[in-house]
Amino acid sequence: MFGLEPWQFVAAFGITAFAGFVKGALGFAMPMIMASAFGSIMPAPVALAAMILPTLFTNIQQAVRDGRAEAVASAVKFRLHIAMVAIFICVSAGFVTMFPQWLMYAALGVPITLFALLQLSERPLVLNLRHQRRAEGWSGVIGGLYGGISGIWGPPLIVYLLSIGTEKREQVRVQGVVFLIGAVVLTGAHLVSGLLNAATVPLSLVLCIPAFAGMMAGFALQDRLDVGQFRRWTLVLLILTGLNLIRRAFEIWSL
């Protein structure tokens with residue numbers, strides 16, 4: 001069944017639905033969930049190929065959920081962050097072999113985890129509005145540098161959006177816009193690399209079904225969450241993301 005054993009396909013279907021639900025509810029973490037779980041039930045190249053199209057299409061849906069005009073407005077509003085991410089992904093990609101992967105994961109995971117724990121402790125970090133533009137630029141630089149080396153550029157954006165108190169719907173929309181840019185690049189790169197091919201594209205397309213189903217359920221939950229609940233669950237998931245990065249750092253370091 002799409003090159004998988006029946007049990008593998010059923011498991012992948014369920015994992016993708018859950019990942020879509022989390023993304024619909026909070027706006028991120030879908031690739032993290034899919035990559036972590038898929039890696040234990042199928043070969044790494046198949047796992048990566050399987051998650052590419054669900055990630056791409058759910059990011060489109062997330063970005064334009066409130067309308068194309070709103071998505072464009074958010075892209076314009078956060079254009080500095082987006083530009084810095086795009087530029088510094090290109091800058092750092094050429095140095096990917098020069099930095100230990102474990103160090104990159106640890107250096108991203110530790111501060112993200114500490115930030116989220118600090119926010120949950122009811123001593124939130126709030127940026128001085130005089131420095132907000134500078135912080136937006138630096139968050140994009142950091143995200144881009146890490147993105148080119150590790151393929152992960154989302155957490156610095158989420159930290160920035162939380163720290164300036166971005167409205168819930170706009171936060172999810174901005175995340176969708178920024179993640180979509182990366183997803184388009186990733187899809188194009190693997191069409192060229194051959195990872196997305198006649199054997200893997202059908203599986204990736206079929207998994208869009210549970211991804212969208214889960215996402216619609218997640219949207220329904222997101223709409224019912226008040227601002228405090230949304231922020232709290234976002235921070236919890238951010239902590240899990242940071243801890244997962246630290247886990248990967250130790251895993252790579254111990255090899």
Side-chain angles (χ1 to χ4, degrees), residues 19-33 55-56 58-86 108 111-113 115-120 122 124-129 131-144 146-147 152-183 214-242:
F21 174 77
V22 173
K23 183 171 180 61
L26 298 176
F28 70 108
M30 183 176 183
M32 180 189 75
I33 293 169
T55 300
L56 172 65
T58 53
N59 277 320
I60 293 174
Q61 176 63 25
Q62 180 176 329
V64 303
R65 186 189 181 202
D66 297 323
R68 295 181 182 179
E70 287 77 5
V72 171
S74 291
V76 171
K77 181 177 180 180
F78 291 91
R79 61 189 180 277
L80 178 59
H81 179 95
I82 293 171
M84 292 299 100
V85 167
L108 186 58
I112 286 172
T113 303
F115 168 85
L117 288 170
L118 179 64
Q119 298 292 84
L120 281 175
E122 299 182 354
L125 170 64
V126 178
L127 295 177
N128 188 316
L129 291 180
H131 306 304
Q132 184 172 328
R133 196 67 174 167
R134 186 185 306 170
E136 179 187 348
W138 277 110
S139 69
V141 170
I142 295 169
Y146 278 100
I152 299 169
W153 61 89
L157 170 66
I158 299 166
V159 168
Y160 171 69
L161 294 175
L162 286 172
S163 67
I164 64 173
T166 306
E167 187 270 331
K168 179 181 73 171
R169 290 292 287 262
E170 184 173 35
Q171 177 175 327
V172 173
R173 184 169 62 249
V174 173
Q175 288 169 193
V177 169
V178 176
F179 297 165
L180 175 58
I181 293 170
M215 193 174 198
M216 292 304 105
F219 280 158
L221 176 60
Q222 181 198 131
D223 292 341
R224 289 197 294 270
L225 291 174
D226 62 34
V227 174
Q229 291 172 322
F230 177 80
R231 182 180 179 84
R232 185 162 53 252
W233 282 110
T234 297
L235 288 168
V236 168
L237 192 53
L238 202 58
I239 290 171
L240 294 176
T241 300

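For the single chain, residues carry numbers from 1 onward in sequence order.
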Evaluate I164 against E136 for side-chain contact (heavy atoms from CB on, under 4.5 Å), listing each step before the verdict. CA-CA 10 Å; I164 64 173; E136 179 187 348; over 6 Å; no
Under the side-chain contact (heavy atoms from CB on, under 4.5 Å) criterion, do T55 and F179 qualify, and how do the steps go? CA-CA 9 Å; T55 300; F179 297 165; over 6 Å; no
Step-by-step side-chain contact (heavy atoms from CB on, under 4.5 Å) determination, T166 to V174: CA-CA 10 Å; T166 306; V174 173; 5.5 Å; no
Start with the C-alpha distance between V22 and F28, add both sets of side-chain angles, then the distance that settles side-chain contact (heavy atoms from CB on, under 4.5 Å), and finish with yes or no. CA-CA 7 Å; V22 173; F28 70 108; over 6 Å; no
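The aromatic rings of Y160 and F78 sit perpendicular, their planes meeting at an angle over 60°, well past the 30° parallel limit.
Interatomic distance, L221 CG to W233 CH2, rounded to the nearest 0.5 Å: 9.5 Å. With rounding to the nearest 0.5 Å, the separation of CE in M216 from OG1 in T58 is 9.0 Å. Distance check: L240 CG to I112 CD1 gives 12.5 Å after rounding to the nearest 0.5 Å.
The minimum heavy-atom distance linking L80 with R133 is given by the pair CD2-O, 3.5 Å. For the residue pair Q62 and M215, the shortest heavy atom distance occurs at CB-CE, 3.5 Å. Closest heavy-atom contact between A71 and A63: CB-O, 3.2 Å. Here the shortest heavy-atom pairing between H81 and S139 reads ND1-OG, 2.8 Å. Listed here is the closest heavy atom pair of M30 and A19: CG-CB, 3.8 Å. In terms of heavy atoms, I82 sits closest to V177 at CD1-CG1, 4.0 Å.
Taking 4.5 Å as the limit, some side-chain heavy atom of L56 sits within range of a side-chain heavy atom of L180. Looking at I239 and L120, their side chains come closer than 4.5 Å, going by heavy atoms from C-beta outward. Looking at R65 and F219, their side chains come closer than 4.5 Å, going by heavy atoms from C-beta outward. Considering only heavy atoms from C-beta on, L238 comes within 4.5 Å of L162 through its side chain.
The salt bridge (charged side-chain N to carboxylate O under 4.0 Å, His left out) test applied to E70 returns no partner, not counting sequence neighbours. Not counting sequence neighbours, R232 has no partner by the salt bridge (charged side-chain N to carboxylate O under 4.0 Å, His left out) test.
For the pairing with Q171, the side-chain hydrogen bond (donor to acceptor under 3.5 Å, both in side chains) check across Q175, R169, K168 returns one residue only, Q175.
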